[in-house]
Structure formats: C-alpha cells, structure tokens
Amino acid sequence: MSDYVVPRASAAEAADVGGKGASLGSLARIGVAVPPGFVVTSGAFTASLDALDPGGSLHARIEELGAEDLAPIARVSAAVRERIATAPLPAPVASAITAAYAALGDDDPDVAVRSSATMEDSAAASFAGLQDTYLGVAGADPVLEHVRRCWASLYNDQSVAYRRRLRMSETGHAMAVVVQRMVRPRAAGVMFTRSPVTGDRSVVAIEGTWGLGSALVSGDVTPDSFVISKITGEITGRRVSSKGQMHSYLPNGLGVSVADTPPDLRDRACLTDDEIRALAALGGRLEAHYGTPQDIEWAVLDEAGEAAAASEASPDPAAAAGERIVLLQSRPETVWAARAPAPLAAPKPHAADHVLALFGKPL
C-alpha cells in the first residue's frame, strides 16, 4: 500500500511490522484463518516520532534512567506517552492509515487495534503483554487515535523498566500496529504446544473461556483447561471451571462489555471435543512449521453466525470444528525455551563418534 501501511498477507519482516504483524502475515500465507486487516509499519512510527522530536531528546531522557529508578521511570514515561498520544500525525501517515481502513469495506467497520513492537516475541526475551490493544474501534479518526495510543504504550512504565533492565538502546526500537476486523467468538483463549507447567513437549495445553479471550487475559475468569497427547490425540486432561464473567464484543464502536456469564453456560465446557482436537492438530502443524513450541491465541466462531457458511460446507463435525477456528497470534514459547539446557556434547554424524573421540583425549 505504502511505506507506512502494508496488507496483512504481505507483512513479513518483524523490523517493519513487529512480531505480531509478522506472525499474522506468516499465518495467512500458510493458509491459516486470521481476521483480515493491515499493519501500520514501524516506518510510520519513526516518521511520526521524528516529526515530533527531531532532536531525539525523548529517547535520550529514557536512556539516562536507571533500571531501578521506578519513580523517575514513571514520571518520564508518562510525559513521553502524553506527547505521542496527543500529537497530530504527519499528513502522509494519516492519509495512508485512513485509506487502508477504508479499504476494509463497509462503513466504519469495527476493528481491533493491536500494538506490535519490533523487539517482541523472541525466544530470548518476551515483550508480550507490555503494550496495549484496543477492541471494537470504529471510524477513521478513532483508528488514528488508537494507533497513537498503541505507539505511546511502547513507553508504558513496565515496558521502559524492562528495556532498562536489559540495557537496550532506545534508538531503533519502534512500534508497528496491527489493525484487523473484529471477530465475535463463541469462545477464545490460548494454546501452548508444550506444557506451560512442566515443559513436556509431548502434549498440547489449551485454556479457554466463553466470549472474548480478554476475560482470560485480565484474570476475570478461571479458564477451562485441556491437555491433549500429541502422540495419540487423546484428551488426557480436562478441567471445566465455573466461569462467572464473560467479555463480549459490542458492534458499532461500542467496545467490549463485561457481564455475568449466563447460568446455562457458566459450568459448561466452552469447547467441544472436536474443537479441542482441531485446535491441538493446528497447534502441532504450527510447531512443525516454525520448528519450535508455540504460544497461540485462538478464537472459535459461532457456527450460527459468522461461520455458518463454513459449517454448512462441511457436514463432518470434526471438519466443521476446524473451519470455525481463527488465530489471532502464534509466537515462540519463551518460558521453557529460556530454561532449555545446553547439549552435553556437540552433535556428531554417528553415535559411535562420541566414544571414539574419548580415545583422542589424554588420561
């Protein structure tokens, strides 16, 4: 589209579209269902920040802070966020975003505006959850406003403190923003292609709840949890929780509602067995594709609504379950990856080579 905006399917380099944007682009290119949208590039962030602060004084102030200087971090970060969130965008940047939003179709479609920092989601360091996401945004001006808010969240207190602890330079650290159509899931949650508790790579672990996954992320509910064997496909663990609250997406820019879960849903599993297996199979496919365990955000659409056409096309319940799944992100799992032990010896072409190598060492 431009240097400032790229279509979702063209999002590839994390340096340009951030970790989340690159993940969604990669998923789309391998045929995984993800909501349509576009990415505001890190170049748009850089151009806007250069116009706002051509001398680089904002970054310089942050780099003067110590990792343990929490009060100064809070004070400086708040001032930086205020400047970024309230400054008008350069005209070429605003024009590119407005045109990309209009190209989504309909009049003022509801979108999610999601931060995608260029340094997030690696196996060595995780910035996940440190920046902001906004749901149910509608209208060109509100989209521009929330893009600025996502940029400003790069300077949340926790994010700045984390970068100072890692002694990262602020120069070159940028923020892309994913803008994608809202979906109205029946259930949503997270999936890990290794156990988040034990690190076991022979299982897939799924957590979910009714409605939007924001209820799980915010801690408003104790999610249902399921464990599936990668070897047999059997559901080996199942815990159905009493889910007291439910987050729902309200159309027409009204955002998200938080309400009591209907009594008939509160103690019911949010996923069918077919959906559990379909999710686990998709998780295994992504782990094989990326070559490392994955941390995945998923949603299951309501077959009576947005996924009606797909369910009608597939009378087989297992196939229909897979067609109702959309993914919102897939990133490398970082907790157990950071604990992985180093190999005891460098790999050799043949096992016997390790034994023969001992004869070359002095006693």
Side-chain angles (χ1 to χ4, degrees), residues 8 20 23-24 27-28 32-37 104 109-114 133-138 178-192 204-226 240-241 243-262 264-266 268-283 286 294-312 314 317-331:
R8 175 208 61 194
K20 191 178 281 99
S23 167
L24 290 167
L27 292 172
V32 175
V34 298
L104 291 179
D110 294 323
V111 294
V113 183
R114 310 173 68 196
T133 286
Y134 300 95
L135 304 179
V137 179
V178 173
V179 179
Q180 57 189 154
R181 275 187 173 274
M182 285 292 298
V183 295
R184 187 180 297 176
R186 191 195 77 234
V190 296
M191 170 168 57
F192 303 91
V204 173
I206 298 172
E207 294 185 344
T209 189
W210 296 111
L212 296 171
S214 54
L216 187 158
V217 173
S218 66
D220 284 353
V221 297
T222 299
D224 296 340
S225 63
F226 311 95
V240 178
S241 300
K243 299 168 286 295
Q245 288 195 316
M246 181 174 175
H247 289 198
S248 301
Y249 149 56
L250 301 174
N252 303 315
L254 297 178
V256 175
S257 73
V258 179
D260 292 340
T261 304
D264 61 322
L265 297 180
R266 189 168 300 161
R268 277 177 51 192
C270 66
L271 294 171
T272 67
D273 284 3
D274 285 332
E275 290 165 347
I276 294 167
R277 294 189 185 97
L279 278 166
L282 182 55
L286 295 182
Q294 296 291 294
D295 172 355
I296 299 164
E297 298 176 21
W298 56 266
V300 174
L301 306 185
D302 190 342
E303 62 182 345
E306 296 169 80
S311 61
E312 289 170 2
S314 299
E323 291 172 348
R324 291 195 294 272
I325 296 170
V326 296
L327 295 191
L328 306 175
Q329 186 168 9
S330 184
R331 56 185 169 235

Side chain to side chain contact (heavy atoms under 4.5 Å, CB included) assessment of K20 paired with R114:
CA-CA 8 Å; K20 191 178 281 99; R114 310 173 68 196; 3.5 Å; yes
Show, in sequence, the C-alpha distance, side-chain angles and deciding distance for L327 and L286, and conclude whether the side chain to side chain contact (heavy atoms under 4.5 Å, CB included) test is met.
CA-CA 11 Å; L327 295 191; L286 295 182; 3.5 Å; yes
Hey, what do you get for CD1 (I296) to CG (L328), rounding to the nearest 0.5 Å?
11.0 Å
Distance-only donor-acceptor hits, side chain of residues 207-214, under 3.5 Å, sequence neighbours excluded:
{"unit_1": "W210", "atom_1": "NE1", "unit_2": "L265", "atom_2": "O", "d": "2.8"}
{"unit_1": "S214", "atom_1": "OG", "unit_2": "H247", "atom_2": "ND1", "d": "2.8"}

Test side chain to side chain contact (heavy atoms under 4.5 Å, CB included) applied to L135 and M182, step by step
CA-CA 7 Å; L135 304 179; M182 285 292 298; 4.0 Å; yes
CG of L104 to CZ of R8, rounded to nearest 0.5 Å, is 10.0 Å
Within the 3.5 Å criterion, strictly below it, is a donor on Q329 or S23 matched to an acceptor on the partner's side chain?
no
Give a yes or no on whether the backbone of A269 and the side-chain of K243 come within a donor-acceptor separation of less than 3.5 Å.
no
Separation between CG of D224 and CD1 of I206, rounded to the nearest 0.5 Å
11.0 Å
Within a strict 4.5 Å, meaning less than it, do heavy atoms of the P185 and V300 side chains meet?
no
For D110 and Y249, what are the C-alpha separation, side-chain angles and deciding distance, and is it a side chain to side chain contact (heavy atoms under 4.5 Å, CB included)?
CA-CA 10 Å; D110 294 323; Y249 149 56; 2.6 Å; yes
Drop me the distance from Q245's CD to S218's OG, to the nearest 0.5 angstrom.
8.0 Å
For D295, which residues count as a side chain to side chain contact (heavy atoms under 4.5 Å, CB included) partner, sequence neighbours excluded?
F192, R331
Atom pair CZ/CG of R277 and L271 - distance to nearest 0.5 Å
12.0 Å
Under 3.5 Å, is there a donor-acceptor pair between the side chain of R266 and the main chain of T261?
yes
Between V183 and P35, the two heavy atoms sitting closest are CG1-CG, 3.9 Å
Pairing residues for Y134 by the ring-ring contact (aromatic ring centres under 6.0 Å, His included) criterion, not counting sequence neighbours
H146
Distance col, row R186:CZ vs D302:CG, nearest 0.5 angstrom, shows 6.5 Å
Minimal non-hydrogen separation, E275 against C270, with atom names
OE1-O, 4.2 Å
